[in-house]
Amino acid sequence: MRRWLATVSISIVSVLGLVACGGGGDGQASQAPAADGGKKQVEVFSWWTGPGEADGLQAMKKIFEQQNPDYTFFDAAVAGGSGDKAKALLASKLQADTPPDTFQGHAGAELQGYIKAGDLEDLTFLYDELKLKDVFPSQLIDQISVDGKIYSVPVNIHRSNVLWYNPAVLKEAGVAAAPKTVEEFIADLEKVKATGKIPLSIGSEWTATHLLENVLLGTLGTDAYNALFKPGADWNSPQVTTALQNFAKIMTYAGDPQDDWQPAAKQVADGEAAFNIMGDWAYGYFHNPPEGGLGKTSKKDFDWAPAPGTEGTYLWLSDSFTLPKGAKNRDGAIAWLKVAAGKEGQDAFNPLKGSIPARKDADQSLYKDYLADALKDWSSNKLAGSIQHGVSVNQPWLAAINEAVGLYIAGKDVKALQQGLADAATSNAQ
Amino acid sequence: MRRARTWLPGLLLVTPSIILIGVFVYGMLGWNVRLAMTDKHDEVSEGEFVGLQNFVDIWDQPRWHLSVNHAIVFTVVFVLGALLLGWLLAFLMEKGIKGEGTFRAIYLFPMAISFVATGIVWRWLMNSGTEERAVGLNRLFDWIGLPQWQWFRDPDWGMAAMALPAIWQMSGYVMALFLAGFRGVPEELREAARVDGCNEWGVYRYVVLPLLRPVTLSALIILGHISLKVFDLIVAVSGKQIITDVPAVFMWVAVFDSHDPAKGATIASYIVVSVAIFVIPYLIWSVRKERRS
């Protein structure tokens with residue numbers, strides 16, 4: 001009898017254990033945004049954990065809590081550059097219908113998947129209430145609208161088409177000024193090669209896609225580049241072939257691939273390499289004091305120019321915040337979006353993050369050195385949307401482009417690259 | 001009633017784990033295969049049944065061929081490398097080395113480290129910088145005058161280099177398996193062989209090795225299934241780059257970057273099948289052996 005009792009009780013305990021496991025997940029999920037001393041929490045999901053960007057987020061948090069004494073800010077940031085880990089976690093949160101109150105996403109086509117899945121609320125009402133259509137550039141509004149609706153609030157603008165270079169290395173190679181066209185660029189790379197330095201530094205595979213978008217824009221021109229992302233665009237055209245041949249040629253001058261963009265940028269700062277094409281987040285890395293950067297002097301240790309052939313165009317990308325459907329604290333999320341869209345919030349965040357505000361009415365005196373240049377170009381240049389950073393292509397399309405570029409790096413076959421890009425466009429353009 | 005008394009307690013005790021495994025292993029496996037047979041190529045569509053379409057279509061994708069090739073190269077180099085190195089270590093250990101316990105612990109230690117930690121260290125060791133930019137192994141090779149390599153970034157032999165950290169991590173474990181096997185060979189058998197005029201090499205070749213076959217088989221299966229599922233090591237060393245793509249990484253990209261659940265499930269099914277090729281013959285073999293004895 002005693003043995004029986006033991007058996008039955010062990011079985012019951014283990015079954016209870018199972019049930020407890022099942023309940024545990026929900027318990028944890030509801031724990032995070034729980035109320036804190038009568039104040040309601042607003043869970044803000046981002047991937048800003050690095051130096052500069054995390055400081056910017058803190059600055060916005062301060063403004064948010066000053067303006068909204070009833071809410072507390074809950075930082076649900078997930079580390080990892082360009083947010084690939086954050087996006088995977090976000091996907092599972094959305095799948096389980098437990099979205100954060102607001103989450104970060106690159107403005108533009110990257111959000112299409114969420115919109116199609118019905119995860120996001122239309123924010124047109126907020127744009128009308130705050131008259132945001134008057135303070136953001138109209139081209140930006142066009143490029144982030146989906147069927148006339150807008151689903152996110154851009155906080156900042158980054159530039160993708162920046163050519164970073166080391167003036168001393170260029171001088172040594174006899175290159176007088178930064179190249180203006182792709183042809184000049186190739187000629188300059190050849191000159192640098194003769195000196196034994198690395199002509200062009202490069203990081204992991206995504207930095208090759210970043211380079212590709214710059215070469216496409218530099219070869220095709222702004223209008224033809226933007227047309228590539230319209231339905232029925234022709235990626236098999238001879239112009240695209242030329243651009244890809246340029247890309248292939250430029251890649252032959254690339255040094256050993258580094259682990260990521262920072263070591264690649266560092267090669268330029270250290271005078272090992274002449275050129276690097278990277279977004280303007282590299283400026284903070286070059287310029288910031290040693291805890292988060294390299295502490296280099298601009299114009300002396302490193303210098304910049306628009307990527308070859310892209311002067312007059314701002315190849316942009318933007319971090320933005322959204323309003324997920326079913327957010328627990330919808331009012332709190334809207335209050336956060338108002339701070340993120342506001343002049344005060346953007347002027348607090350951007351100088352620290354090393355980007356410029358999306359608003360046209362920013363306080364210009366806050367933006368110095370590179371950022372002053374960027375702010376000037378942003379208000380006067382034509383706009384083109386980045387590929388690698390989610391403006392022009394949605395996530396599956398980007399994955400397909402990265403696949404084609406990766407296969408190119410493994411096999412060096414330009415024709416297959418063009419075919420891969422064309423297939424990616426036909427199966428994903430909409 | 002008396003009969004029930006003999007089997008019911010046992011059944012009650014295993015029921016929870018049967019339910020757990022039934023739901024979370026076989027249930028999920030079935031759900032995955034069903035998903036792989038639909039056209040659910042984004043998160044929102046319903047997914048119509050399309051049979052084996054996805055399993056056929058994936059062979060049209062150049063990336064799939066590349067990742068399968070990579071997995072084969074990785075598996076061959078890793079399994080053979082770990083078996084040989086593990087065998088060699090066990091062989092040396094068995095020859096009665098001084099401080100055997102210490103050496104055994106040293107060689108077993110890497111097992112205690114996760115593949116992620118191993119990968120991060122080896123990413124630095126296998127940095128592809130050469131000459132004045134060399135770090136890690138290339139720097140060492142530079143000092144002692146050996147040629148420097150691209151390591152995992154080499155388009156042809158990258159995956160063979162990728163197997164090095166895995167060999168480093170698992171060969172100690174294989175050593176422990178073989179050492180136990182060596183110890184299981186009765187001394188009388190060896191002596192009998194020596195009395196019959198067999199030299200030391202012959203003792204190993206004709207007496208010890210045949211008796212180690214079951215150990216070798218278990219080691220092969222354990223290493224083989226680790227190798228076919230490898231994900232964490234690759235991601236820690238090189239990230240999700242095509243140049244070191246394997247099916248498990250491709251699966252991750254298909255689900256989280258391409259947002260194509262059906263494709264991810266298809267790749268997952270292929271991984272299960274490839275592991276099953278290793279495991280099922282082993283199960284059949286061990287069941288038969290049990291019956292015989």
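Numbered from 1 within each chain, the chains take letters A, B, ... in sequence-line order.
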* To do: Please assess A:Lys85 against B:Phe256 for the test side chain to side chain contact (heavy atoms under 4.5 Å, CB included), listing each intermediate value before the final yes or no.
  => CA-CA 9 Å; A:Lys85 290 183 194 79; B:Phe256 289 108; over 6 Å; no

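- For chain B, the option among A:Gly411, A:Ala410, A:Gly406 with the highest count of heavy-atom pairs below 4.5 Å is A:Gly406.
- Heavy atoms from other residues, nucleotides or ligands lying under 6.0 Å from CH2 of B:Trp168 number more than 12.
- Within a 6.0 Å sphere centred on CH2 of B:Trp157, other residues, nucleotides and ligands contribute 12 heavy atoms or fewer.
- Heavy-atom pairs under 4.5 Å with chain B peak, among A:Ile409, A:Asp259, A:Asn402, at A:Asp259.
- Between chain B and the residues A:Gln267, A:Glu272, A:Gln258, A:Lys412, the most heavy-atom pairs under 4.5 angstrom are made by A:Glu272.
- When A:Ala117, A:Ala400, A:Ala91, A:Pro257 are compared by the number of non-hydrogen pairs under 4.5 Å with chain B, A:Pro257 comes out ahead.
- Using a 4.5 Å heavy-atom cutoff, the side chains of B:Glu43 and A:Tyr114 are not in contact.
- Within a 6.0 Å sphere centred on NZ of A:Lys266, heavy atoms belonging to other residues, nucleotides or ligands number 12 at most.
- For B:Ile243, the parts lying near chain A are the backbone and the side chain together; criterion is any non-hydrogen pair under 4.5 Å.
- More than 12 non-hydrogen atoms from other residues, nucleotides or ligands lie less than 6.0 angstrom from NZ of A:Lys93.
- Dense packing is recorded around CZ of B:Phe49, with more than 12 heavy atoms of other residues, nucleotides or ligands lying under 6.0 Å away.
- Listed options A:Gly118, A:Gly113, A:Ala404, A:Ser204 were ranked by heavy-atom pairs under 4.5 angstrom with chain B; first place goes to A:Ser204.
- Within the 4.5 Å cutoff, the side chain of B:Arg153 has no heavy atoms near those of the A:Asp256 side chain.
- Between the side chain of B:Gln241 and the main chain of A:Glu205, a donor-acceptor pair closer than 3.5 Å is present.
- Using a 4.5 Å cut-off between heavy atoms, B:Thr15 does not touch chain A at all.
- For A:Ile198, the part sitting under 4.5 Å from any heavy atom of chain B is the side chain, from C-beta outward, and nothing else.
- With chain A as the partner, the residue from B:Ile242, B:Asp156, B:Asp260 showing the most heavy-atom pairs under 4.5 Å is B:Ile242.
- Of the listed residues B:Asp42, B:Val253, B:Val44, the one with more heavy-atom pairs under 4.5 angstrom with chain A than any other is B:Val44.
- Across every non-hydrogen atom of B:Ser258 and A:Ala399, the tightest pair is OG-CB, 3.3 Å.
- Pairing each heavy atom of A:Leu407 with each of B:Leu66, the nearest pair is CD2-CD2, 3.7 Å.
- With a threshold of 4.5 angstrom between heavy atoms, B:Asp245 does not approach chain A through any atom at all.
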* Trace of the side chain to side chain contact (heavy atoms under 4.5 Å, CB included) decision for B:Asp257 with A:Leu398 -> CA-CA 8 Å; B:Asp257 292 348; A:Leu398 174 60; over 6 Å; no

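- From B:His259, atom NE2 reaches atom NZ of A:Lys87 across 8.0 Å, with rounding to the nearest 0.5 Å.
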